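These notes concern the structure reproduced below.
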Amino acid sequence: MFPKPLSQHQINALGILAVASVGDSVYDLLVRTRLCKQGFAQAEDVHTMRVKHVNARAQALAAERVLPLLTDEEAAVFRRGRNAQPGSIPASASRAEYQSATALEALFGWLWLSGRIERIYELFEGAIDEPTSAT
């Protein structure tokens, strides 16, 4: 059962980085689910493949694929996430990559908190790169 959606007032009262932290979990869960559906049956394999998709560089590329699909409202949330000022940026990513990844996470968090689950699925399919098969 999904939690009751928050009102836009409640979501807007949250910091965008808090919304992005929810989106990080949503995106991670979607990647893990996709990998299991593709036949990755061992936790170690799921984790190994997951880290290829859930990192700033990969999420920045996913953000590029998603941008043309966004409504005006979604694009505004994306921009808020991109303009957020994180405490630090990992050495494995550029500032631009990290900002784009945060924007994608903010979008997914906002959609989740809004109860727009079907839209999450639509955008995730547009965001994720070509499927990787389990061998």
Side-chain angles (χ1 to χ4, degrees):
M1 176 196 256
F2 292 110
K4 182 180 177 188
L6 299 180
S7 70
Q8 287 307 303
H9 177 74
Q10 290 171 309
I11 296 170
N12 291 339
L14 298 171
I16 196 64
L17 292 176
V19 174
S21 73
V22 171
D24 179 45
S25 295
V26 171
Y27 195 83
D28 184 75
L29 179 61
L30 290 168
V31 167
R32 289 173 188 258
T33 301
R34 182 181 181 99
L35 292 169
C36 288
K37 286 181 178 180
Q38 291 174 346
F40 292 93
Q42 302 300 315
E44 182 179 339
D45 296 334
V46 171
H47 175 74
T48 299
M49 292 304 298
R50 176 200 146 271
V51 297
K52 294 180 181 182
H53 298 284
V54 184
N55 65 68
R57 183 165 289 138
Q59 287 177 283
L61 293 171
E64 287 179 25
R65 290 188 286 271
V66 163
L67 267 173
L69 308 174
L70 301 183
T71 66
D72 290 343
E73 186 179 31
E74 292 165 349
V77 172
F78 186 92
R79 283 190 301 275
R80 275 186 65 208
R82 187 180 57 217
N83 293 333
Q85 298 299 316
S88 63
I89 296 171
S92 61
S94 70
R95 174 173 286 282
E97 288 170 333
Y98 195 72
Q99 287 175 306
S100 290
T102 302
L104 183 71
E105 292 169 351
L107 174 63
F108 276 76
W110 178 80
L111 289 167
W112 175 263
L113 294 170
S114 301
R116 301 176 190 187
I117 308 307
E118 288 302 317
R119 184 62 174 153
I120 290 171
Y121 294 144
E122 290 172 12
L123 291 177
F124 181 72
E125 287 306 314
I128 201 74
D129 59 358
E130 291 301 313
T132 305
S133 300
T135 53

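Quick caveat, the model's predicted, so the values are computed rather than measured.
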Is a donor on one side and an acceptor on the other found under 3.5 Å between the side chain of Q85 and the backbone of N83?
yes
By side-chain contact (heavy atoms from CB on, under 4.5 Å), A58 pairs with (sequence neighbours left out) N55
Can you give me the closest heavy-atom contact between L69 and G126, atom names plus distance?
CD1-CA, 4.0 Å
Treating Ile, Leu, Val, Met, Phe, Trp and Tyr as nodes and any side-chain heavy-atom pair under 4.5 angstrom as an edge, say whether L107 and L14 lie in one connected cluster.
yes
For residues I89 and V54: do they belong to one hydrophobic cluster (side chain heavy atoms under 4.5 Å, members Ile, Leu, Val, Met, Phe, Trp, Tyr)?
no
Can you get from L29 to L35 by hopping between Ile, Leu, Val, Met, Phe, Trp and Tyr side chains that sit under 4.5 Å apart?
no
What pairs of residues pass the ring pair (Phe, Tyr, Trp, His ring centres under 6.0 Å) test when at least one of them lies in residues 61-101, not counting sequence neighbours?
none
Not counting sequence neighbours, which residues clear side chain to side chain donor-acceptor pair (under 3.5 Å) with S7? List them please.
Q10
Minimum heavy-atom separation for A84 to L17, with atom names?
CB-CD2, 3.6 Å
Selection residues 112-124 - residue pairs positive for salt bridge (Lys or Arg N to Asp or Glu O under 4.0 Å), sequence neighbours left out:
E73-R116, E74-R119, R119-E122
What pairs meet the side chain to side chain donor-acceptor pair (under 3.5 Å) rule with one or both residues in residues 57-67, with sequence neighbours excluded?
R57-E97, Q59-E105
Can you sort out the partners of R82 under salt bridge (charged side-chain N to carboxylate O under 4.0 Å, His left out), two or more places apart, ordered by chain and number?
none
Linking I/L/V/M/F/W/Y whenever their side-chain heavy atoms sit closer than 4.5 Å, directly or via other members, would L104 and Y121 fall into one cluster?
yes
Do L30 and I117 sit in one hydrophobic cluster, given that two such residues count as connected whenever their side-chain heavy atoms are within less than 4.5 Å of each other, even indirectly?
yes
